[in-house]
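Start at 1 with the first residue, then count along the sequence. Note: hydrogens, waters and symmetry copies are ignored here, and every other heavy atom, side chains too, is used.
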Amino acid sequence: MPAVTADTLTLPRLPELPQELTAWRPVLRTVHATHSVEGEGFAVRRPFPGVDLAMADPFLMLDHLGAVEYAPGEAKGAPWHPHRGFETVTYVIDGAWQHADSTGGGGVIADGQTQWMTAGAGVLHSELPTEELVTRGGLFHGVQLWVNLPRSLKWTPPRYQDIGARDVGLVSSVDGGALVRVIAGELDGHAGPGVTWTPITYLHATVSPGARLDLPWPENFNALVYVLSGRGTVGAEAKPLEEGQLAVLGHGSAVTLRAGDTQPQASGQGWEVLVLGGRPINEPVARYGPFVMNTRAEIIEAVEDYQAGRLATFQPQHVPHPGATDERI
């Protein structure tokens with residue numbers, strides 16, 4: 001798993017939280033991801049939607065792609081399609097993926113990089129495996145998160161953020177047993193590079209076998225933990241959680257996780273988890289495929305705008321491969 005790594009003993013440490021006095025968030029429920037097929041035929045695991053949408057607000061969907069070893073000619077993607085009313089966040093852990101959109105944004109994202117696309121008022125984009133992945137095959141592992149926009153920002157102009165692997169904030173647990181990558185938001189004063197319209201925190205943690213990770217957490221945010229690989233427990237009640245499972249947490253001021261003493265061989269360095277949280281928007285949600293608005297009338301308008309060619313301001317253009325360097329388009 002080549003997402004950015006570091007020597008945890010040299011990183012800033014999270015604070016030690018008093019076990020008896022801390023309001024640990026309890027596990028309200030656990031969810032098994034469902035299997036779905038998207039785009040031209042790539043398989044995803046989807047932990048939500050499926051839970052009560054209010055429990056995930058402001059998040060709309062999480063798709064877990066892989067980890068999968070593609071044979072030559074097997075990798076598929078999602079060619080040009082529209083979006084309106086929310087943001088898509090694609091985080092590539094292993095392998096490479098190519099993005100292009102009608103604002104001119106895009107490029108190749110690989111090995112710990114993130115592309116953050118605000119669809120807002122409307123955008124067309126494509127998400128495809130690189131030519132090398134298609135022709136030669138290889139390992140791919142990534143996730144895509146959909147983040148809702150409040151009514152006041154549904155019509156914000158589209159934008160594209162390119163977040164390099166070296167841009168993420170890095171912090172370690174109090175004893176150095178866990179590495180936390182802060183992709184967006186803030187964790188105990190350590191900020192991630194993702195610029196968000198909706199207040200959220202988005203983390204990827206690698207927890208060494210047997211290690212504990214305690215995270216201070218905003219009380220006005222919800223909290224979700226999803227396992228990319230490996231096994232461990234969540235909450236003071238030590239609820240078991242393994243690959244493809246999501247934990248929905250209740251109220252409190254901190255989240256506690258502990259990796260299992262032993263891990264599946266495929267997990268590599270430890271228990272790999274995403275920790276997500278955000279301030280709920282608490283507005284009506286109307287959704288139809290790639291459109292997420294507040295009312296059915298707005299969904300109909302989005303479909304009509306797309307069919308009439310009014311959804312995007314700029315004509316779609318493919319972005320050339322930037323090569324093997326970390327330069328971005």
Requested in this report: Using a strict 4.0 Å threshold on nitrogen-to-oxygen distance, state whether Arg84 and Asp305 make a salt bridge.
Outcome: yes

Salt bridge present between Arg45 and Glu243 (N-O < 4.0 angstrom):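 The answer is yes: the pair qualifies as a salt bridge.
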
Side-chain heavy atoms of [X] within contact of [Y], under 4.5 Å:
{"X": "Trp97", "Y": "Leu133", "value": "yes"}
{"X": "Val225", "Y": "Leu241", "value": "yes"}
{"X": "Val147", "Y": "Val89", "value": "yes"}
{"X": "Pro82", "Y": "Phe291", "value": "yes"}
{"X": "Thr130", "Y": "Val108", "value": "yes"}
{"X": "Arg231", "Y": "Thr262", "value": "yes"}
{"X": "Leu149", "Y": "Thr156", "value": "yes"}
{"X": "Ser172", "Y": "Pro12", "value": "no"}

Could you give the distance from [atom1] ([X]) to [atom2] ([Y]), rounded to the nearest 0.5 Å?
{"X": "Leu224", "Y": "Leu62", "atom1": "CG", "atom2": "CG", "answer": "9.0 Å"}
{"X": "Leu170", "Y": "Leu187", "atom1": "CG", "atom2": "CG", "answer": "11.5 Å"}
{"X": "Arg46", "Y": "His35", "atom1": "CZ", "atom2": "NE2", "answer": "12.0 Å"}
{"X": "Leu65", "Y": "Asp94", "atom1": "CG", "atom2": "CG", "answer": "12.5 Å"}
{"X": "Trp155", "Y": "Glu298", "atom1": "CH2", "atom2": "CD", "answer": "7.0 Å"}
{"X": "Asp167", "Y": "Thr114", "atom1": "CG", "atom2": "OG1", "answer": "9.0 Å"}

Checklist entry - Can you say whether the rings of Tyr91 and His204 are parallel (under 30°), tilted (30 to 60°) or perpendicular (over 60°)? => result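 The rings of Tyr91 and His204 stand perpendicular, inter-plane angle above 60°.
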
Worksheet item: Aromatic rings Tyr226 and His64: how do their planes relate, parallel, tilted or perpendicular, breaks at 30° and 60°?
Response: perpendicular

Sub-3.5 Å donor-acceptor pair from the side chain of [X] to the main-chain atoms of [Y], do we have one?
{"X": "Gln19", "Y": "Leu17", "result": "yes"}
{"X": "Thr8", "Y": "Gly177", "result": "no"}
{"X": "Thr22", "Y": "Trp24", "result": "no"}
{"X": "Gln245", "Y": "Glu242", "result": "yes"}
{"X": "Lys239", "Y": "Leu28", "result": "no"}
{"X": "Ser102", "Y": "Leu124", "result": "yes"}
{"X": "Asn222", "Y": "Gly277", "result": "no"}
{"X": "His83", "Y": "Pro290", "result": "yes"}
{"X": "Glu237", "Y": "Val27", "result": "yes"}
{"X": "Asn148", "Y": "Pro58", "result": "no"}

Would you kindly confirm whether [X] and [Y] end up in one hydrophobic cluster when ILVMFWY residues are joined by side chain heavy atoms under 4.5 Å apart?
{"X": "Val195", "Y": "Leu145", "value": "no"}
{"X": "Val143", "Y": "Leu179", "value": "yes"}
{"X": "Leu128", "Y": "Val134", "value": "no"}
{"X": "Val171", "Y": "Leu213", "value": "yes"}
{"X": "Leu153", "Y": "Trp146", "value": "no"}

Residue pair [X] / [Y]: nearest heavy atoms and the distance that separates them:
{"X": "Gln144", "Y": "Thr90", "answer": "NE2-OG1, 2.8 Å"}
{"X": "Arg151", "Y": "Pro284", "answer": "NH2-CD, 3.9 Å"}
{"X": "Asp101", "Y": "Trp80", "answer": "CA-CZ3, 3.8 Å"}
{"X": "Val31", "Y": "Pro47", "answer": "CG1-O, 3.5 Å"}
{"X": "Thr198", "Y": "Pro150", "answer": "OG1-CD, 3.7 Å"}
{"X": "Gly270", "Y": "Pro209", "answer": "CA-CD, 4.2 Å"}

So does [X] have more than 12 non-hydrogen atoms from other groups sitting under 6.0 Å from [atom1]?
{"X": "Arg159", "atom1": "CZ", "answer": "yes"}
{"X": "His251", "atom1": "NE2", "answer": "no"}
{"X": "Arg13", "atom1": "CZ", "answer": "yes"}
{"X": "Glu16", "atom1": "CD", "answer": "no"}

Carefully, step by step, assess Glu131 and Gln98 under the rule side-chain hydrogen bond (donor to acceptor under 3.5 Å, both in side chains).
CA-CA 9 Å; Glu131 182 178 351; Gln98 185 161 316; over 6 Å; no

**OP:** With side chain to side chain contact (heavy atoms under 4.5 Å, CB included) as the test, would you mind laying out the steps for Asp57 and Met55 before giving the verdict?
**Re:** CA-CA 6 Å; Asp57 185 13; Met55 300 177 79; over 6 Å; no

Dump the intermediate steps for side-chain hydrogen bond (donor to acceptor under 3.5 Å, both in side chains) on Ser229 and Glu272, then the final yes or no.
CA-CA 5 Å; Ser229 65; Glu272 302 286 347; 5.3 Å; no

Fill in: side-chain hydrogen bond (donor to acceptor under 3.5 Å, both in side chains) between Glu87 and Trp116, worked out
CA-CA 7 Å; Glu87 302 182 282; Trp116 197 301; 3.1 Å; yes

For this session: Test side chain to side chain contact (heavy atoms under 4.5 Å, CB included) on Ile93 and Phe140 and set out the steps.
Result: CA-CA 8 Å; Ile93 301 166; Phe140 183 80; over 6 Å; no

Just checking, is any N or O donor in the side chain of [X] or [Y] under 3.5 Å from an acceptor N or O on the other one?
{"X": "Ser253", "Y": "Glu219", "result": "no"}
{"X": "His99", "Y": "Gln115", "result": "yes"}
{"X": "Arg181", "Y": "Thr206", "result": "yes"}
{"X": "Arg212", "Y": "Ser173", "result": "no"}

Margin query: Run Leu257 and Val275 through side chain to side chain contact (heavy atoms under 4.5 Å, CB included) and show every step you take.
Written below: CA-CA 10 Å; Leu257 315 167; Val275 186; 4.1 Å; yes

